[in-house]
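Note on naming: letters A, B, ... go to the chains in the order of the sequence lines (proteins, then strands), and numbering restarts at 1 for each one. Quick note: numbers below take in every heavy atom, side chains included, and nothing from hydrogens, waters or symmetry partners.
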2 protein chains.
Amino acid sequence: MTEDARDEVDLLVAAWRAERPDLDVEPLQVLSRVSRLARHLDRARRAAFAEHDLEPWEFDVLTALRRAGRPYELSPGALLRATLVTSGTMTNRIDRLAQAGLVRRRPDPEDRRGVLVSLTETGVARVDAAFADLLRRERDLLAGLGPEGQRSLSSLLRTLLAPFDSPL
Amino acid sequence: MTEDARDEVDLLVAAWRAERPDLDVEPLQVLSRVSRLARHLDRARRAAFAEHDLEPWEFDVLTALRRAGRPYELSPGALLRATLVTSGTMTNRIDRLAQAGLVRRRPDPEDRRGVLVSLTETGVARVDAAFADLLRRERDLLAGLGPEGQRSLSSLLRTLLAPFDSPL
DNA sequence: GAGAGATATCTCGATGTCAAGACAGTACAC
DNA sequence: GTGTACTGTCTTGACATCGAGATATCTCTC
């Protein structure tokens with residue numbers, strides 16, 4: 001059991017143990033790391049997308065549409081479920097993406113309450129370029145783990161994530 | 001190798017494979033899960049803290065001070081490094097925490113540019129109660145992994161986190 | 001086919017965050 | 001000692017997000 005690669009969370013846990021020896025702070029070993037890592041990832045993604053003139057939130061919406069396959073069209077409702085934001089946020093996002101010429105809005109012919117949002121050609125091109133770039137960078141970040149580590153990590157995370165995804 | 005507990009990310013990866021079979025999207029298995037899990041955790045924490053009348057950002061600052069040990073005092077600079085926010089954000093946070101009576105500000109006697117922020121008695125009590133509660137809830141979230149899984153998960157995450165923590 | 005409840009989207013106000021820059025004070029080299 | 005670069009904190013303005021509520025439409029039951 002090597003303890004070489006200490007990180008900030010190790011220090012955090014040690015500090016808590018000194019201050020509150022009565023508490024079991026083991027959960028922080030996992031969950032603080034998840035939060036901190038996500039924060040760092042956000043920053044790295046922001047930097048990566050800047051080269052393609054995209055904000056992370058723009059990328060999130062565009063990829064959801066891109067993943068849907070031709071004709072790259074989804075309802076705002078489907079988009080907000082895919083991106084975990086509220087409806088007000090999604091309206092705002094679509095407005096701005098439409099203004100930037102990356103998506104288009106049209107009334108849903110089957111449901112007059114509804115709207116359908118689709119990628120423009122520019123939108124497809126931009127998201128494809130940014131996505132390829134992102135994957136390159138993410139692969140670099142993960143290189144230290146090796147294929148074995150990546151598999152077990154994703155499997156453990158899936159277990160943790162499942163209860164959130166399924167019930168709702 | 002059981003594939004039972006499929007989550008949203010499995011679907012996401014499958015969708016990408018169908019749309020872009022030319023790309024290796026394996027990195028998403030890890031990093032999308034980290035991001036999504038962090039998002040869910042934020043929500044869970046928000047709900048947990050609500051019972052103690054604390055916002056997540058308040059908790060972050062208060063715990064940093066609490067961890068420092070008596071006299072529970074740090075500079076704004078130390079706090080922003082601990083919480084990964086910018087200086088403007090930290091100024092704003094300290095203002096509001098001071099107004100709520102949870103922290104106190106005083107000039108640093110050793111550096112006239114500086115300020116020292118410390119917990120009030122109320123602050124200590126509130127953060128201690130909220131922290132114990134948070135740990136209970138986090139333990140529940142992690143229960144599905146077992147002690148073994150938690151150890152390997154935290155170790156893998158540490159490897160991933162180390163490059164972010166050390167260079168800067 | 002009328003009404004109740006569910007659903008889809010949008011509007012609006014409040015809020016927390018960031019980025020850039022201002023300003024005071026410190027540290028170090030010469 | 002003096003000047004230059006650095007550090008620590010705060011200010012300001014822009015912005016994305018959320019939550020609650022408004023409106024229109026659909027669906028299902030009776």
Worksheet item: Between atom CZ in Arg113(B) and atom P in dG25(C), what is the gap in whole Å?
Response: 10 Å
Discussion item. With nearest nucleotide decided by heavy atoms, which residue, Glu55(A) or Arg112(A), maps closer to the 5′ end of DNA chain D?
Written reply: Glu55(A)
Item to complete: Give a yes-or-no answer on whether the side chains of Thr86(A) and Thr89(A) include a donor-acceptor pair shorter than 3.5 Å.
Response: yes
Discussion item. Please evaluate residues Arg126(B) and Asp53(B) with respect to the criterion salt bridge (charged side-chain N to carboxylate O under 4.0 Å, His left out), reporting the C-alpha separation (whole Å), side-chain torsions for both, the decisive distance (0.1 Å), and the verdict.
Written reply: CA-CA 9 Å; Arg126(B) 287 276 276 288; Asp53(B) 258 309; 5.4 Å; no
Mind listing the side-chain donor-acceptor pairs of residues 93-102 of chain A below 3.5 Å, one per line with the distance, residues two or more places apart or on another chain?
from     : atom 1 : to        : atom 2 : distance (Å)
Asp95(A) : OD1    : Arg105(A) : NH2    : 2.1
Arg96(A) : NE     : Asn92(A)  : O      : 3.2
Arg96(A) : NE     : Asn92(A)  : OD1    : 3.1

Discussion item. Whole angstroms only, please: what is the CG-P distance between Asp95(B) and dT11(D)?
Written reply: 7 Å
Response to the item:
Here the distance between atom P of dA24(D) and atom CG of Asp111(A), to the nearest Å, is 15 Å
Item to complete: Answer with yes or no whether the side chains of Ser155(B) and Ser152(B) bring together a donor and an acceptor at under 3.5 Å.
Response: no
Discussion item. If you take any heavy atom closer than 4.0 Å to DNA chain D, which residues from residues 58-79 of chain A end up in contact?
Written reply: none
Discussion item. Please evaluate residues Glu51(A) and Arg137(A) with respect to the criterion salt bridge (charged side-chain N to carboxylate O under 4.0 Å, His left out), reporting the C-alpha separation (whole Å), side-chain torsions for both, the decisive distance (0.1 Å), and the verdict.
Written reply: CA-CA 13 Å; Glu51(A) 292 186 19; Arg137(A) 291 168 186 257; 2.9 Å; yes
Item to complete: Using atom CZ of Arg81(A) as one end and atom C1' of dA8(C) as the other, report the distance to the nearest whole Å.
Response: 9 Å
Worksheet item: Please walk me through it: do Leu119(B) and Arg66(B) pass side chain to side chain contact (heavy atoms under 4.5 Å, CB included)?
Response: CA-CA 7 Å; Leu119(B) 289 179; Arg66(B) 180 65 181 77; 4.1 Å; yes
Discussion item. Salt bridge (charged side-chain N to carboxylate O under 4.0 Å, His left out) for Glu55(A) and Arg46(A)? Distances and angles first, verdict last.
Written reply: CA-CA 6 Å; Glu55(A) 298 291 321; Arg46(A) 180 176 301 276; 3.3 Å; yes
Worksheet item: Rounded to whole angstroms, how far apart are CG on Asp108(B) and P on dT9(D)?
Response: 8 Å
Item to complete: Measure from CD on Glu110(B) to C1' on dT26(C) and round the result to the nearest Å.
Response: 13 Å
Worksheet item: Yes or no on salt bridge (charged side-chain N to carboxylate O under 4.0 Å, His left out) for Arg136(A) and Asp133(A), after CA distance, side-chain angles and deciding distance?
Response: CA-CA 5 Å; Arg136(A) 262 193 298 281; Asp133(A) 198 14; 3.5 Å; yes
Discussion item. Could you measure the distance from the CG atom of Leu74(B) to the CG atom of Leu80(B)? Nearest 0.5 Å is fine.
Written reply: 11.0 Å
Worksheet item: Tell me, for nucleotides 17-22 of chain D in 5' to 3' order, what letter each nucleotide earns: B for a base near a protein heavy atom under 4.0 Å, S for only sugar-phosphate near one, - for neither?
Response: BBB---
Worksheet item: Does Arg105(A) put a side-chain nitrogen or oxygen below 4.0 Å from OP1 or OP2 of dA8(C)?
Response: no
Worksheet, complete the sentence: When rounded to whole Å, the CG to P distance for the pair Asp42(A) and dC18(C) reads 10 Å
